[in-house]
Amino acid sequence: MTMAQRTALITGITGQDGSYLTELLLGEGYAVHGVVRRTSNLQRSRIEHLRRDEKIYGKRLFLHYGDLSDGTTLRRIFRAVQPTEVYHLAGQSHVGLSFEIPESTCDEAGMATLRLLEIARDQPQPLRFYHASSSEIFGNAIELPQTENTPMLPASPYGCAKAFATQLVRVYRQSYGLFVCNGILYNHESPRRGENFVTRKIARAAARISRGLDTDLTLGNLESRRDWGRAQDYVRAMWLMLQQETPDDYVVATGETHSVREFVEAAFAVVDLPWKKYVRHDPSFDRPAEPAQLVGCADKIRKRLGWEVTGTFLQLVREMVEAELEQLGR
Ligand code: G4F
């Protein structure tokens, strides 16, 4: 395949991962097409800098209105774009919220993937398909760390929907020989993370409290542990999966866990404040169930695709808090 023929279609292009992936693909010479909902507020989106760039927007970056629930429109977009690579990242991705809006979460994270797989199956030209699976499929995991072969045991509606979609990807690969991959990604963060995820919430609060703009920070379970990596590394893993000879599933993780409390301590240390003075517990942020302990083994992607993490946990925390401070300074 020559560079000029490479055309990517991204669902969820305005999200954290979608925006970093778009930058990576543009850098690799792709034409990039994104599906956006009519309600997406592009003005504040993470790809606004690219949309304003006259050398890029309308030339190598294109946006199409569509919705994950609207198969007709998605089919039309596939026909018009004829993508060689599809990155399916869109959908409600907040685990806590999935307990409150389970049906729409399952429609978006589960059924929409099936809809896209069916469209991919019907394409006349060969394409490669990436599905954003999640560590949440392991939920009450029966082993530590988890690998591609760990049984799925989700503990949330979101995890159930992702497990359904992950298994469908495997079925479509085995049954129809499609080039479809699951990236089983553990938590990945950046200054572009949504404000209602815990890392961004903490980084933002630490910066605002240090500037006297907020007085406290309310959180749920401080003892919860996660395997937190850098989003920029994780979108590179997505791209690598689609550059291989054969499709497969890969766990993408750091192999290290830290508690929410450790993230708080590190974030407040960046602004030199005693966190205990400002952080309160609010049970409304506790979840009906938490995954037992999610930590991933990324040996397969490291050995086979040469993928690596860049930076440490403390560097990630610092990067996020400093980005918030810079934004406040502007
Ligand atoms: O930041 P979180 O909301 O991320 P969570 O639930 O682990 O899910 C994220 O990572 C998954 C794996 O990659 C993705 F599939 C998913 O789409 C999403 O990107 O919560 C992290 C932890 C949880 O244990 C939560 O209970 O932080 C705990 N927490 C404590 N206080 C809080 C809060 N989480 C949020 N969002 N807000 C709090 O105030």
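Model, not experiment: these values are computed from the prediction.
Nearest heavy atom pair, residue Ala109 against residue Ala165, reads O-CB, 3.5 Å. Shown here for Thr113 and His131, the closest heavy-atom pair between the two residues is CG2-CD2, 3.7 Å. Minimum interatomic distance between Val180 and Pro247 (heavy atoms only, all atoms of both residues): O-CB, 3.6 Å. In this structure, Arg51 and Tyr57 approach most closely via the heavy-atom pair O-CB, 3.3 Å. Closest approach of Cys297 and Pro145 over heavy atoms only: CB-CG, 3.7 Å. Closest of all the heavy-atom pairs between Val309 and Ala253 is CG1-O, 4.2 Å.
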Could you please spell out the steps behind the side chain to side chain contact (heavy atoms under 4.5 Å, CB included) verdict for Tyr186 and Thr254? CA-CA 8 Å; Tyr186 283 64; Thr254 68; over 6 Å; no
Verdict with reasoning, Asp216 to Arg280, per salt bridge (Lys or Arg N to Asp or Glu O under 4.0 Å): CA-CA 7 Å; Asp216 56 9; Arg280 329 224 171 291; 3.4 Å; yes
Pair Asp122-Ile119, side chain to side chain contact (heavy atoms under 4.5 Å, CB included): steps then yes or no: CA-CA 5 Å; Asp122 290 344; Ile119 298 173; 5.9 Å; no
Verdict with supporting geometry, Arg200 and Glu195, salt bridge (Lys or Arg N to Asp or Glu O under 4.0 Å): CA-CA 5 Å; Arg200 178 82 194 278; Glu195 287 168 14; 3.8 Å; yes
Assess the residue pair Ile10 and His33 against the criterion (side chain to side chain contact (heavy atoms under 4.5 Å, CB included)); give the C-alpha distance rounded to whole Å, side-chain angles, the decisive distance to 0.1 Å, and a yes or no. CA-CA 6 Å; Ile10 305 177; His33 294 254; over 6 Å; no
When you look at Thr14 and Arg46, which way does the side chain to side chain donor-acceptor pair (under 3.5 Å) test go after all the steps? CA-CA 6 Å; Thr14 59; Arg46 301 165 178 92; 5.6 Å; no
One pair to check against salt bridge (Lys or Arg N to Asp or Glu O under 4.0 Å): Arg193 and Glu319. What are the steps and the verdict? CA-CA 12 Å; Arg193 189 57 144 147; Glu319 183 186 347; over 6 Å; no
Going through the distances and angles, do Val235 and Tyr87 end up as a side chain to side chain contact (heavy atoms under 4.5 Å, CB included)? CA-CA 10 Å; Val235 301; Tyr87 295 87; over 6 Å; no
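Taking the six-membered ring for Trp and thresholds of 30 and 60 degrees, Trp228 and Phe313 have nearly parallel ring planes, at less than 30 degrees apart.
Residues His281 and Asn221 bring no donor and acceptor atom of their side chains to less than 3.5 Å of each other. Side-chain contact annotation: Thr310 with Arg230, donor-acceptor N/O pair under 3.5 Å present. Donor-acceptor pairing under 3.5 Å is lacking for the side chains of Trp307 and Tyr234. Residues His258 and Asp227 have side chains that never bring a donor and an acceptor to within less than 3.5 angstrom of each other. Of the N and O atoms on the side chains of Ser133 and Thr166, at least one donor lies less than 3.5 Å from an acceptor on the other residue.
The backbone N or O of Ser259 sits less than 3.5 Å from a side-chain atom of Glu262, completing a donor-acceptor pair. With hydrogens and angles disregarded, a donor-acceptor distance shorter than 3.5 Å links the side chain of Gln125 to the backbone of Pro83. The backbone N or O of His94 sits less than 3.5 Å from a side-chain atom of Gln92, completing a donor-acceptor pair. Asp53 places a side-chain N or O within donor-acceptor distance of the main-chain N or O of Lys55, the cut-off being under 3.5 Å. At distances below 3.5 Å, at least one donor-acceptor pair connects side-chain atoms of Arg225 with backbone N or O atoms of Thr257. Using modelled atom types, one side-chain atom of Lys59 and one backbone atom of Glu54 make a donor-acceptor pair closer than 3.5 Å. Between the Glu189 side chain and the Ala231 main chain, no donor and acceptor come within less than 3.5 Å of each other. Under a 3.5 Å cut-off, the side chain of Gln315 and the backbone N or O of Thr312 do form a donor-acceptor pair. Checking side-chain atoms of Arg38 against main-chain N and O of Tyr65 turns up no donor-acceptor pair under 3.5 Å. Of the possible donor and acceptor atoms, none in the side chain of Arg60 sits under 3.5 Å from a partner among the backbone N and O of Val32.
Contact check on Arg236 versus Asp233 returns no salt bridge, with no Lys/Arg side-chain nitrogen under 4.0 Å from an Asp/Glu carboxylate oxygen. Using a 4.0 Å cut-off between charged nitrogen and carboxylate oxygen, Glu290 and Arg226 count as a salt-bridge pair. A salt bridge links Lys300 and Asp248; the closest N-O separation between the charged side-chain nitrogens and carboxylate oxygens is under 4.0 Å. Salt bridge annotation for Arg173-Asp249: present, with a cationic side-chain nitrogen under 4.0 angstrom from a carboxylate oxygen. Taking a cutoff of 4.0 Å between a charged side-chain nitrogen and a carboxylate oxygen, Arg208 and Glu324 do not qualify as a salt bridge. Remark: Glu48 engages Arg52 in a salt bridge, criterion side-chain N to carboxylate O under 4.0 Å. A salt bridge does not link Arg128 with Glu85: every distance from a Lys NZ or Arg NE/NH1/NH2 to an Asp or Glu carboxylate oxygen is 4.0 Å or more.
A cation-pi geometry, defined here as NZ or CZ lying under 6.0 Å from the six-membered ring centre and within 45° of its normal, does not hold between Arg75 and Phe78.
Note that CG of Leu9 and CG of Leu25 are 11.0 Å apart. Values are rounded to the nearest 0.5 Å. Note that the CD atom of Gln244 and the CG atom of Leu240 stand 6.5 Å from one another [nearest 0.5 Å]. In this structure, the separation between CZ on Arg79 and CG on Leu74 is 12.0 Å, given to the nearest 0.5 Å. Here CG of Leu61 is found 5.5 Å from CD1 of Ile47. Values are rounded to the nearest 0.5 Å. Distance check: Arg304 CZ to Asp299 CG gives 11.0 Å after rounding to the nearest 0.5 Å. Here CG of Leu144 is found 9.0 Å from CG of Leu294. Values are rounded to the nearest 0.5 Å.
Within the 4.5 Å cutoff, the side chain of Arg170 has heavy atoms near those of the Asn182 side chain. Side-chain contact between Leu213 and Ile209 is absent, with no heavy atoms from C-beta onward closer than 4.5 Å.
Linking ILVMFWY residues whenever their side-chain heavy atoms come closer than 4.5 Å, directly or via other members, places Leu24 and Met238 in the same cluster.
When the shell of 6.0 Å around CD of Glu103 is examined, it contains 12 or fewer heavy atoms from other residues, nucleotides or ligands.
Not less than 6.0 angstrom separates the ring centroid of Trp275 from the ring centroid of Phe263.
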